[in-house]
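Report on the following structure.
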Amino acid sequence: AQSVTQLDSHVSVSEGTPVLLRCNYSSSYSPSLFWYVQHPNKGLQLLLKYTSAATLVKGINGFEAEFKKSETSFHLTKPSAHMSDAAEYFCVSGGSNYKLTFGKGTLLTVNP
Amino acid sequence: DTAVSQTPKYLVTQMGNDKSIKCEQNLGHDTMYWYKQDSKKFLKIMFSYNNKELIINETVPNRFSPKSPDKAHLNLHINSLELGDSAVYFCASSLRTGQETQYFGPGTRLLVL
């Protein structure tokens, strides 16, 4: 069975500083991995997707994530946080059983 | 030109009532999903249809019944609503089943009083 663990339930950064949201996955094979963002009272928007083509994946709004098989990690980063980045972020794993497995989410707060 | 749309956006109702939520996608996708997001933001899949055929049916009370009249629509009917049904319900679609990217609707916020 696959699982996704987001290591921090809440991350707080200052505007202009780097963002690191951590995600570990567990799977018996190389899964597809996604990061989604949910702004308050909104639906989920895809930030980026890993599908084994390249280990460093670039997404929208300056976010990127690196797939590290040896560490079973898929951490999300951004060099410089913006106020508009404040949202809930979900790390997601895609499996062979037609299902996506969602992490419990990390709330990103950006302080001025 | 919204890709995945849901109606209504908000739904406030009394316990015991029956309600429906509608979902439509104009992406030409074959697969559609219903998710429930609880108060702690945890997302759990409820159902999935591929070309109008049910392929995922998680452990959900049988008061919840999905219906897919065509592959662009997936509706969710809920009978005898209970307080614990209060949540945000998201519809999503993907091109195919498997590890495909899913595109989410804006959500329907259901409050049962």
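By convention in this document, chain letters (A, B, ...) are assigned in the order of the sequence lines, proteins followed by strands, and residues within each chain are numbered from 1.
Taking the six-membered ring where the residue is Trp, B:Phe90 and B:Phe104 present perpendicular rings, their angle passing 60° and hence far from 30°.
A ring pair (Phe, Tyr, Trp, His ring centres under 6.0 Å) with A:Tyr89 holds for exactly one of A:Trp35, A:Phe63, A:Tyr36; it is A:Phe63.
Below 4.5 Å, heavy atoms of chain B meet heavy atoms from A:Phe102, A:Gly103, A:Lys104, all part of residues 101-108 of chain A.
Looking at A:Leu44, both its backbone and its side chain come within 4.5 Å of chain B, counting heavy atoms on both sides.
Side-chain atoms of B:His77 and B:Asn75 include no donor-acceptor pair closer than 3.5 Å.
Within the structure, every pair that satisfies the side chain to side chain donor-acceptor pair (under 3.5 Å) test and touches residues 38-47 of chain A, not counting sequence neighbours, is listed here: A:Gln38-B:Gln37.
In this structure, B:Thr108 contributes its side chain and B:Pro8 its backbone to a donor-acceptor pair below 3.5 Å.
A salt bridge does not link B:Lys41 to A:Glu88: none of the charged side-chain nitrogens sits closer than 4.0 Å to a carboxylate oxygen.
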Take B:Asn50 and B:Thr31 through the side-chain hydrogen bond (donor to acceptor under 3.5 Å, both in side chains) test and state the conclusion after the steps.
-> CA-CA 4 Å; B:Asn50 184 58; B:Thr31 311; 2.7 Å; yes
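Interface remark: of the candidates B:Arg109, B:Lys40, B:Glu58, B:Lys9, B:Arg109 forms the most heavy-atom pairs closer than 4.5 Å to chain A.
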